[in-house]
Amino acid sequence: MEGRKLVLGGVDIPHEKGLEGHSDADVLLHAVADALLGAAALGDIGKHFPNTDPRYEGISSLILLKHVGDLLLQHRFRVVNVDATVALEEPRIGPHVEKMRDNISGALNISPEQVSVKATTHESLGFIGTQQGAAAHAVAAVVHE
């Protein structure tokens, strides 16, 4: 979406287009939050942060991820690791990956070594390949203590 910031992993990435969404539309952090909630069987981000609630309009997804981390602790879950992949053609996120890892680990109060962030393209195929959007997938391991 033209005129909107592109935020991935809590990092403002210079680009002419951003992603559309109710919050800051950080698909990477949304995928991480969903993976963590799913691993703990606590629902999904739509349940906890509905896009119909004006409190979450434009909110930083780092705040949402921090809330997810707190929710896991309340339910006695500890994050073991997070592995996430962002799918987009442009821009290249390599220069920003370490900051993304730091942001995710900071929000979850874990070590950056417990967080993996990588990217892939769709080789010019589909809505991602034609730069009409982006996607992210994440898996997470948690332990109940």
Side-chain angles (χ1 to χ4, degrees), residues 1 4-123 126-129 131-145:
M1 174 175 193
R4 184 164 164 122
K5 291 191 309 186
L6 177 61
V7 181
L8 293 171
V11 177
D12 288 348
I13 299 177
H15 195 59
E16 63 270 8
K17 295 179 187 174
L19 299 172
E20 189 173 343
H22 185 67
S23 65
D24 62 3
D26 188 329
V27 294
L28 173 57
L29 295 186
H30 291 194
V32 170
D34 265 338
L36 290 165
L37 289 167
L42 294 173
D44 61 23
I45 60 173
K47 173 184 174 184
H48 294 277
F49 315 108
N51 64 5
T52 55
D53 190 330
R55 292 180 297 168
Y56 305 121
E57 187 172 356
I59 194 169
S60 167
S61 294
L62 279 171
I63 293 170
L64 303 181
L65 184 60
K66 171 91 172 86
H67 180 76
V68 167
D70 292 345
L71 187 62
L72 291 174
L73 288 175
Q74 290 170 17
H75 285 85
R76 299 179 43 223
F77 285 97
R78 178 177 51 85
V79 178
V80 176
N81 66 358
V82 173
D83 178 30
T85 303
V86 180
L88 75 167
E89 295 297 305
E90 290 182 2
R92 300 291 185 197
I93 67 164
H96 308 285
V97 165
E98 292 309 311
K99 180 63 178 160
M100 292 174 185
R101 291 177 66 212
D102 288 344
N103 287 345
I104 294 167
S105 63
L108 297 172
N109 201 27
I110 60 175
S111 167
E113 286 76 30
Q114 293 171 268
V115 178
S116 172
V117 174
K118 53 202 176 302
T120 188
T121 67
H122 276 210
E123 304 296 331
F127 79 96
I128 292 171
Q131 300 183 40
Q132 296 175 26
H137 305 281
V139 292
V142 299
V143 174
H144 192 256
E145 299 182 320

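- The side chain to side chain contact (heavy atoms under 4.5 Å, CB included) test with Ser61 singles out one residue from Leu29, Ile45, Val7, and that residue is Leu29.
- Applying the 6.0 Å contact sphere to CG of Asn81 captures more than 12 heavy atoms from other residues, nucleotides or ligands.
- Here the CG-CG distance, from Leu65 to Asp70, works out to 9.5 Å after rounding to the nearest 0.5 Å.
- At distances below 3.5 Å, not a single donor-acceptor pair connects side-chain atoms of Asp83 with backbone N or O atoms of Val139.
- The backbone N or O of Ile63 sits nowhere less than 3.5 Å from a side-chain atom of His67 that would complete a donor-acceptor pair.
- Interatomic distance, OG of Ser60 versus CG of Asn103, reported as 8.5 Å (0.5 Å rounding).
- Between Arg76 atom CZ and Glu145 atom CD the span is 8.5 Å, to the nearest 0.5 Å.
- Looking only at distances, no side-chain donor or acceptor of Arg78 sits under 3.5 Å from a matching main-chain atom of Val143.
- Interatomic distance, Lys118 NZ to Met100 CE, rounded to the nearest 0.5 Å: 13.0 Å.
- One N or O on the side chain of His22 and one on the backbone of Asp53 form a donor-acceptor pair closer than 3.5 Å.
- Taking CG from Leu28 and NE2 from His96, the interatomic distance works out to 12.5 Å, rounded to the nearest 0.5 Å.
- For the atom pair Tyr56 OH and Asp24 CG, the distance stands at 14.0 Å (nearest 0.5 Å).
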